[in-house]
Amino acid sequence: MKNILLQNFNISDFQKDLINWYQANKRDLPWRKDQDPYKVWVSEIMLQQTKVDTVIPYFHCFISNFPTVEALAAADQQDVLKSWEGLGYYSRARNLQNAVREVVASYDGVVPDNPKELGDLKGIGPYTKGAILSIAYNKPEPAVDGNVMRVFSRLFYIEDDIAQPKTRKLFEAYVREVIDHDDPSSFNQAVMELGAIICTPKSPACMLCPVQEYCQAFSEGVQENLPVKKKAKKQRKIPYVALLIRTPEDKYVIEKRSSDGLLADLWQFPMVPVGEIGYSHIESWFYQEYGISLNMKDHAGKLKHVFSHLIWELEIYHAEAELTTVEDERLRLVAKEDIANYPFPVSHQKMMVHLNTV
DNA sequence: AAACCGGGGAT
DNA sequence: ATCCCAGGTTT
């Protein structure tokens with residue numbers, strides 16, 4: 001690709017101004033203490049759709065629990081999910097462990113340093129592949145995330161819809177044009193740091209920008225209008241009755257979710273899809289589904305939990321069941337103080353405050 | 001291409 | 001309420 005840049009865009013000066021700013025202003029982040037490819041990898045997976053401040057404590061805990069590729073490969077999946085609890089997008093944790101096991105089995109525990117092998121690992125897409133190759137191995141590969149698309153859309157006045165998958169390829173072409181081959185690690189991180197600190201979605205700090213003189217959007221005064229992004233659809237609402245089912249031995253019924261789909265392999269309190277069956281059929285539905293007779297008790301509260309693509313509206317009820325054991329493989333009877341040993345989604349963590357109220 | 005997949009923080 | 005965050009996988 002050629003002729004995508006303005007003739008007066010001096011690439012070398014741009015690289016120098018950007019990287020000098022980065023070296024002087026970069027944040028002291030735990031995954032920047034060395035270039036261990038495993039730690040870079042873990043940080044990049046955690047940072048997908050997740051803010052730096054949210055990731056930092058999880059990163060410390062995760063690396064402490066699983067310091068090496070070998071340690072993570074040998075770990076129990078439930079322990080990995082427990083370390084991921086609250087971070088969201090739990091398939092990231094499952095894919096990361098699967099990929100790490102592949103690295104141990106096929107690559108002698110060494111994270112691959114080439115696009116083909118790296119990109120074939122579970123959970124490593126175009127962005128993460130480029131991030132690991134550039135940051136850990138200093139290879140001049142693009143790592144285009146939301147920051148890069150925002151910064152470059154303004155620098156080069158690109159009006160393509162960044163919500164469309166094909167648009168990422170356009171930005172990768174721009175990065176290949178302007179990336180610094182002497183220090184691709186600093187270059188890619190500098191663009192992302194600029195997007196996080198200066199070139200923010202709203203009210204960008206253009207007066208502090210080290211590359212303001214190169215920015216076409218700033219020169220036209222349209223930086224607030226970029227990038228262009230199509231609006232997302234509204235989430236659909238799904239009503240459930242969530243049940244805090246107590247047994248005569250003062251244990252509670254919890255359920256392990258399916259291994260695929262939403263919140264895979266996490267635990268929850270049983271839920272009845274009341275929108276499909278109606279409130280009058282809760283006990284019969286539950287008996288048909290689990291073979292357990294419920295005695296419905298008090299209404300404990302309600303909560304709304306918003307996901308990226310749907311909304312749970314939970315009505316929380318106490319219930320009793322005359323159980324000492326459970327047959328269903330999904331279910332388990334657990335004392336209140338042992339519930340914390342299982343990975344729960346945040347929505348059901350919020351329900352635990354009601355465990356004391358009856 | 002569009003849908004699915006979490007949770008939190010800023011505005 | 002709305003947006004977006006160091007995105008990837010599945011359909």
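Protein chains get the first letters and strands the later ones, always in sequence-line order, with residue 1 at the start of each.
Listed by residue number, the members of residues 28-37 of chain A with any heavy atom below 4.0 angstrom from DNA chain C are A:Leu29, A:Trp31, A:Arg32. Remark: nothing in residues 188-198 of chain A comes within less than 4.0 Å of DNA chain B through any heavy atom. Of all the residues in residues 75-90 of chain A, A:Tyr89 reach under 4.0 Å from DNA chain C with at least one non-hydrogen atom.
The span of DNA chain C lying next to chain A, judged by atoms under 4.0 Å from heavy atoms, is bounded 5' to 3' by C:dC3 to C:dT10.
Comparing A:Phe344 and A:Lys202 by the nucleotide of DNA chain B whose heavy atom lies nearest to each, the residue mapping closer to the 5' end is A:Phe344. For the pair A:Thr167 and A:Gln49, both in contact range of DNA chain B, the more 5′-proximal nearest nucleotide belongs to A:Thr167.
Among the protein residues, A:Ser91 comes within range of no part of the nucleic acid, since none of its heavy atoms lies under 4.0 Å from any strand. When heavy atoms are screened at a 4.0 angstrom cut-off, A:Phe307 is found touching the sugar-phosphate backbone but no base atom. If you check every strand for non-hydrogen atoms under 4.0 Å, A:Ser43 touches nothing. Heavy atoms of A:Thr54 sit nowhere under 4.0 angstrom from any nucleic acid atom. Among the atoms of the strands shown, base atoms are found under 4.0 Å from some heavy atom of A:Val52. At the heavy-atom level, A:Arg27 lies under 4.0 Å from base atoms of the strands shown.
Among the duplex regions that DNA chain B forms, those built from at least three successive Watson-Crick or G-U pairs under 3.5 Å are B:1-5 with C:7-11, ordered by first number.
Taking a 4.5 Å side-chain heavy-atom cut-off between Ile, Leu, Val, Met, Phe, Trp and Tyr, the cluster of A:Leu294 extends to A:Val241, A:Leu243, A:Ile245, A:Val253, A:Val272, A:Val274, A:Ile277, A:Tyr279, A:Ile282, A:Trp285, A:Phe286, A:Tyr290, A:Ile292, A:Met296, A:Tyr317, A:Leu323, A:Val326, A:Leu331, A:Leu333.
Taking the charged nitrogens against the carboxylate oxygens, A:Arg32 and A:Asp28 have no contact shorter than 4.0 Å, which rules out a salt bridge.
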Polar atom pairs (N or O), protein with nucleotides 2-4 of chain B, under 3.5 Å:
residue : atom : partner  : partner atom : Å
B:dA3   : OP1  : A:Lys233 : NZ           : 3.2

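Residue pairs meeting the side-chain hydrogen bond (donor to acceptor under 3.5 Å, both in side chains) criterion with at least one partner in residues 91-109 of chain A, sequence neighbours excluded, are A:Thr50-A:Arg92, A:Arg94-A:Asp265, A:Glu102-A:Ser106. Within the structure, salt bridge (Lys or Arg N to Asp or Glu O under 4.0 Å) pairs that include any residue of residues 267-285 of chain A do not occur (at least two apart or interchain). Residue pairs satisfying the salt bridge (Lys or Arg N to Asp or Glu O under 4.0 Å) criterion with at least one member in residues 138-149 of chain A, sequence neighbours excluded, are listed as follows: A:Glu141-A:Arg176.
A:Ser153 meets the side-chain hydrogen bond (donor to acceptor under 3.5 Å, both in side chains) test with no other residue; sequence neighbours excluded.
Using a 4.5 Å heavy-atom threshold, the side chains of A:Asp34 and A:Val40 count as separate.
With both ends at atom P, the span from B:dC4 to C:dA6 equals 25 Å, rounded to whole Å. C:dG8 and B:dG8: their P atoms are spaced 22 Å apart (whole Å). Nucleotides B:dG6 and C:dT11 have their P atoms positioned 15 Å apart, rounded to a whole Å.
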Scan the side chains in residues 52-64 of chain A for donor-acceptor partners under 3.5 Å anywhere in the protein, sequence neighbours excluded, and list what turns up.
residue : atom : partner : partner atom : Å
A:Tyr58 : OH   : A:Glu85 : O            : 2.8

